There are 2 protein chains.
Amino acid sequence: MSKDSPSKVSPNADSPNTTRQRRSSDQVTLSQVAQAAGVSPITASRALNYPDKVSDSARLSVLQAVEQLGYVPNLVAGSLASSRSRLIAVIVPSLINSVFVEVIKGLQETLEAEGYQILLGNTDYDLDREYQLVRTFLGWSCSALVTAGLRHNKACHTLLANWDHPIMEVMELGKGMDLNVGLDHVAAGRCMASHLIDKGYRHIVYVGARLSQDYRASMRFDGHQSVLKEKGLDAPLLELDTLGSLQAGAEGLTQVLAQYPHTQAIHFANDDLAAGALLAAQRQGLNVPKDIAIAGFNGLPLGQHVTPQLTTILSPREEMGRLAAKELIRRLSGKNVYRRQHDVGFTLQTGGST
Amino acid sequence: MSKDSPSKVSPNADSPNTTRQRRSSDQVTLSQVAQAAGVSPITASRALNYPDKVSDSARLSVLQAVEQLGYVPNLVAGSLASSRSRLIAVIVPSLINSVFVEVIKGLQETLEAEGYQILLGNTDYDLDREYQLVRTFLGWSCSALVTAGLRHNKACHTLLANWDHPIMEVMELGKGMDLNVGLDHVAAGRCMASHLIDKGYRHIVYVGARLSQDYRASMRFDGHQSVLKEKGLDAPLLELDTLGSLQAGAEGLTQVLAQYPHTQAIHFANDDLAAGALLAAQRQGLNVPKDIAIAGFNGLPLGQHVTPQLTTILSPREEMGRLAAKELIRRLSGKNVYRRQHDVGFTLQTGGST
DNA sequence: CGCTGTCATGATAGCGCTACCATTCGTTTT
DNA sequence: AAAACGAATGGTAGCGCTATCATGACAGCG
């Protein structure tokens with residue numbers, strides 16, 4: 001009796017100990033909707049996913065049944081069956097730094113409008129953590145993956161290289177694994193350094209925070225350094241061991257003044273640092289830019305509200321997110337992608353601080 | 001021939017037109033891992049999900065096979081089978097406002113450490129949008145849902161009320177649907193108003209941005225107003241039609257000075273507004289607090305770096321996220337939850353601006 | 001009138017995994 | 001010695017949905 005005969009043809013017979021108990025999910029299923037609408041499950045599925053593939057009457061009665069039963073599609077089941085999830089993995093190195101949040105914002109408003117959902121991961125600038133996140137996200141059969149930066153560890157690179165969905169690397173411009181939207185940080189560093197030299201400053205210190213982690217800031221230093229070298233100038237670097245913040249900027253100012261008393265200008269790796277230094281200088285009664293000139297990077301709103309206004313480089317962060325999202329959507333909808341690299345550029349914003 | 005006989009018992013027979021083609025996912029499956037490890041699929045599953053339910057030897061060979069084949073678990077399939085997803089839906093009204101990002105940060109670091117993943121949604125302060133997001137997220141059979149605030153539209157409320165997973169409402173304290181971690185905004189408004197009165201100010205204007213959306217700011221106004229009323233004072237309100245920002249704060253200052261020339265102090269709905277006003281006052285040569293006192297809410301770092309320092313109310317945002325996450329985890333691991341409401345409190349930070 | 005093509009619909013068979021039960025085997029209990 | 005028990009493992013049957021193919025109805029056409 002325990003051995004059920006396979007020749008049995010009617011499965012709905014009342015066989016005694018064959019019907020297993022499974023957690024009874026009270027969830028309304030598509031089959032129930034279909035039954036209520038008087039169509040087959042597959043037609044109900046089509047009515048919801050490909051509305052123009054069914055007759056008007058069928059679509060109407062399905063939608064009505066959905067409404068009536070309070071049906072909520074089980075996206076997990078749908079994804080498994082179709083191996084399309086409409087999930088987009090987004091991996092950033094930090095949430096404290098508002099720069100990444102703005103990129104996420106741009107991504108999100110564009111992706112959500114197209115019915116995609118964001119799966120968010122934060123690496124805290126740890127590439128091994130990135131690998132773990134990528135593994136998890138691939139497990140969710142995401143439709144695409146967005147990650148900040150072009151550098152990944154070996155395992156992560158291998159995993160992604162064998163993945164057959166779009167990969168979008170943002171923030172920095174360069175030859176990536178697949179799609180790329182960003183800006184040239186070396187050029188940005190050069191741009192600001194040139195500006196400072198044009199303004200007549202000769203003793204210029206670059207101040208960054210955790211450059212080994214925030215390697216894009218160190219790329220900007222590279223650009224900065226190369227310009228100064230070309231002019232035969234020294235390019236001292238001060239690296240802080242905290243994350244970028246107003247507080248760290250204030251400390252950076254103090255340290256620079258102590259270590260390099262002749263400094264005329266400080267090129268900070270970002271606006272948080274620069275604004276912190278500027279506000280600290282004010283508190284100390286220093287005149288900016290006469291006593292010390294200050295420049296930043298990012299173009300945060302804060303820089304435009306301090307006095308004097310902060311000289312900085314504006315990067316189009318939300319725009320970067322939106323463009324990345326648009327390119328992904330284009331790719332996901334099967335269209336050809338003409339350019340795999342997109343330079344969103346940057347703008348020098350000169351303020352009174354230099 | 002077209003009518004297939006149901007009595008056929010061996011499905012792997014070479015019947016001509018029966019073997020369907022399905023997209024050949026090159027993905028490594030758990031069965032392959034199991035085969036390589038010389039165990040059954042279910043043992044392989046257990047080795048990965050419940051390591052102490054299998055023998056050491058089995059676990060070892062499974063892990064080895066995983067490594068060797070580069071197996072990445074299909075979490076979609078796992079979720080469908082187990083109806084547990086280890087996804088946590090997080091819904092916030094804004095990503096521009098750093099306050100919510102900090103809560104997300106707190107949630108994330110705690111949840112990720114426990115192997116949960118965040119599904120992020122942004123309502124842009126639109127409750128209908130919240131409903132749509134909730135629907136989608138329920139479709140992903142999330143393990144829990146975190147949302148900002150206690151107010152939801154009717155449909156959303158119904159949906160959530162019938163959902164049998166933990167719901168965590170954060171930011172504001174009150175009787176919610178399930179779990180709640182937040183602070184009392186009315187009390188916070190009262191606190192700041194009392195402080196301003198203690199300082200001797202009598203003509204006090206409250207300035208908020210889009211209060212109908214940011215109803216927590218209007219709760220703070222309610223508190224503010226009640227204190228002033230108790231003292232027999234007028235409580236004028238100026239509502240700006242833009243989102244809170246430094247720029248909006250500067251405009252708020254201008255409008256207040258124009259409309260209420262006798263104003264001695266401005267109570268801003270948040271620090272962005274307050275700092276914007278403070279910096280604008282500085283640019284205009286106004287003395288803070290002699291000419292005009294300024295107070296904010298949130299306790300953003302910026303407030304501590306402007307001169308004079310901004311009087312504000314510090315809310316423990318990351319802590320709120322962490323606590324919310326911990327409570328959720330406790331609930332998800334089946335432990336009893338002692339308190340359904342958690343007051344994270346707030347701290348008045350007096351600076352030179354009042 | 002048969003042939004082909006298009007359209008709407010349905011039956012079937014999975015997607016990759018895990019819950020549920022059953023089985024085995026070695027150990028403890030009565 | 002028999003019975004009871006627990007630990008490790010496996011067979012089976014879904015989870016709820018959709019891809020694939022099959023079918024039937026109907027229009028157009030020589």
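Remember, predicted model here, so these are calculated numbers, not experimental data. Numbers restart at 1 for each chain; the letters A, B, ... are given by sequence-line order, proteins then strands.
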A.B. asks: Is a side-chain donor or acceptor of B/Ser61 paired with a backbone partner of B/Ala58 at a separation under 3.5 angstrom?
C.D. replies: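 Side chain of B/Ser61 to backbone of B/Ala58, a donor-acceptor pair under 3.5 Å: yes, one is there.
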A.B. asks: Please report, rounded to the nearest Å, how far the C1' atom of D/dT9 is from the CG atom of B/Asp56.
C.D. replies: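 Those two atoms, CG and C1', are 15 Å apart.
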A.B. asks: Do A/Val33 and A/Val62 come close enough that some side-chain heavy atom pair is under 4.5 Å?
C.D. replies: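 Yes - at least one pair of side-chain heavy atoms lies under 4.5 Å apart.
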A.B. asks: Side-chain atoms of residues 149-157 of chain B: list all donor-acceptor pairs with protein atoms under 3.5 Å, sequence neighbours left out, distances to 0.1 Å.
C.D. replies:
{"from": "B/His152", "atom 1": "ND1", "to": "B/Glu130", "atom 2": "OE1", "distance (Å)": "3.1"}
{"from": "B/His152", "atom 1": "ND1", "to": "B/Glu130", "atom 2": "OE2", "distance (Å)": "3.0"}
{"from": "B/His152", "atom 1": "NE2", "to": "B/Glu169", "atom 2": "OE2", "distance (Å)": "2.8"}
{"from": "B/Asn153", "atom 1": "OD1", "to": "B/Ala155", "atom 2": "N", "distance (Å)": "3.3"}
{"from": "B/Asn153", "atom 1": "OD1", "to": "B/Cys156", "atom 2": "N", "distance (Å)": "2.8"}
{"from": "B/Asn153", "atom 1": "ND2", "to": "B/Leu127", "atom 2": "O", "distance (Å)": "3.4"}
{"from": "B/Asn153", "atom 1": "ND2", "to": "B/Asp128", "atom 2": "OD1", "distance (Å)": "2.9"}

A.B. asks: Does anything in residues 67-76 of chain A come within less than 4.0 Å of DNA chain C? Heavy atoms only, and list the residues if so.
C.D. replies: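 When residues 67-76 of chain A is checked for heavy atoms under 4.0 Å from DNA chain C, there are no hits whatsoever.
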A.B. asks: Give the rounded distance in Å between these two atoms: CH2 of A/Trp140 and C1' of C/dG16.
C.D. replies: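 About 13 Å, once rounded to whole Å.
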A.B. asks: When you compare the side chain of A/Asp56 with that of A/Arg59, does any pair of heavy atoms fall below 4.5 Å?
C.D. replies: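 Answer yes - side chains close enough.
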A.B. asks: Of all the heavy-atom pairs spanning A/Val170 and A/Ala324, show the shortest one and how long it is.
C.D. replies: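 Nearest pair, atom of A/Val170 first, then A/Ala324: CG1-CB, 3.8 Å.
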A.B. asks: Do any side-chain nitrogens or oxygens of A/Arg84 fall under 4.0 Å of OP1 or OP2 in D/dA19?
C.D. replies: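 For D/dA19, OP1 or OP2 has a side-chain N or O of A/Arg84 closer than 4.0 Å.
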A.B. asks: Take B/Ser55 and B/Ala77, find for each the nucleotide of DNA chain D with the closest heavy atom, and name the residue whose nucleotide sits nearer the 5' end.
C.D. replies: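 It is B/Ser55, whose closest nucleotide lies nearer the 5' terminus.
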A.B. asks: To the nearest 10°, let me know how far the axis at one end of the helix from C/dC1-D/dG30 to C/dT30-D/dA1 is tilted from the axis at the other, five pairs an end.
C.D. replies: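 What I find for the helix from C/dC1-D/dG30 to C/dT30-D/dA1 is an axis angle of 40°.
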A.B. asks: Under 4.0 Å, heavy atom to any atom of DNA chain C: which of residues 34-54 of chain A qualify?
C.D. replies: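 The stretch gives A/Val39, A/Ser40, A/Ile42, A/Thr43, A/Arg46, A/Val54 as the residues lying under 4.0 Å from the strand, ordered by number.
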A.B. asks: Assess whether a salt bridge exists between A/Arg331 and A/Glu327, defined as any Lys/Arg side-chain N lying under 4.0 Å from an Asp/Glu carboxylate O.
C.D. replies: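 A salt bridge is absent here (no side-chain N lies under 4.0 Å from a carboxylate O).
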A.B. asks: In whole Å, I'd like the distance from the CD atom of A/Gln27 to the P atom of D/dC15.
C.D. replies: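 Going from A/Gln27 (CD) to D/dC15 (P), I get 11 Å.
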A.B. asks: Between D/dT9, C/dG16, C/dA19, which one does the side chain of B/Ser82 approach most closely?
C.D. replies: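 Among the listed nucleotides, the one closest to the side chain of B/Ser82 is C/dA19.
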A.B. asks: Side-chain contact test, heavy atoms from C-beta onward, threshold under 4.5 Å: evaluate it for B/Ser85 versus A/Val76 and give yes or no.
C.D. replies: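 No. Closest side-chain heavy atoms not under 4.5 Å.
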A.B. asks: Looking only at heavy atoms, what is the nearest atom pair of A/Leu120 and B/Gln108, with distance?
C.D. replies: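 Heavy atoms of A/Leu120 and B/Gln108 come nearest at O-NE2, 3.9 Å.
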A.B. asks: Not counting sequence neighbours, which residues clear side-chain hydrogen bond (donor to acceptor under 3.5 Å, both in side chains) with B/Gln68? List them please.
C.D. replies: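 Per chain and number, B/Gln68 pairs via side-chain hydrogen bond (donor to acceptor under 3.5 Å, both in side chains) with no residue.
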A.B. asks: Once rounded to the nearest 0.5 Å, what's the spacing between atom CG of A/Leu95 and atom CG of A/Asn122?
C.D. replies: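 These two atoms lie 4.5 Å from each other.
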A.B. asks: NA contact type, B/Arg59, heavy-atom cut-off 4.0 Å: base, sugar-phosphate, or nothing?
C.D. replies: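 Since no nucleic acid heavy atom lies under 4.0 Å of B/Arg59, the category is nothing.
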A.B. asks: Which residues pass the side chain to side chain contact (heavy atoms under 4.5 Å, CB included) test with B/Leu75, not counting sequence neighbours?
C.D. replies: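 Expected list: A/Thr136, A/Trp140, B/Pro73.
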A.B. asks: How close or far is atom C1' of C/dG16 from atom CG of A/Leu80, stated in whole angstroms?
C.D. replies: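 Taking CG of A/Leu80 and C1' of C/dG16, I get 6 Å after rounding.
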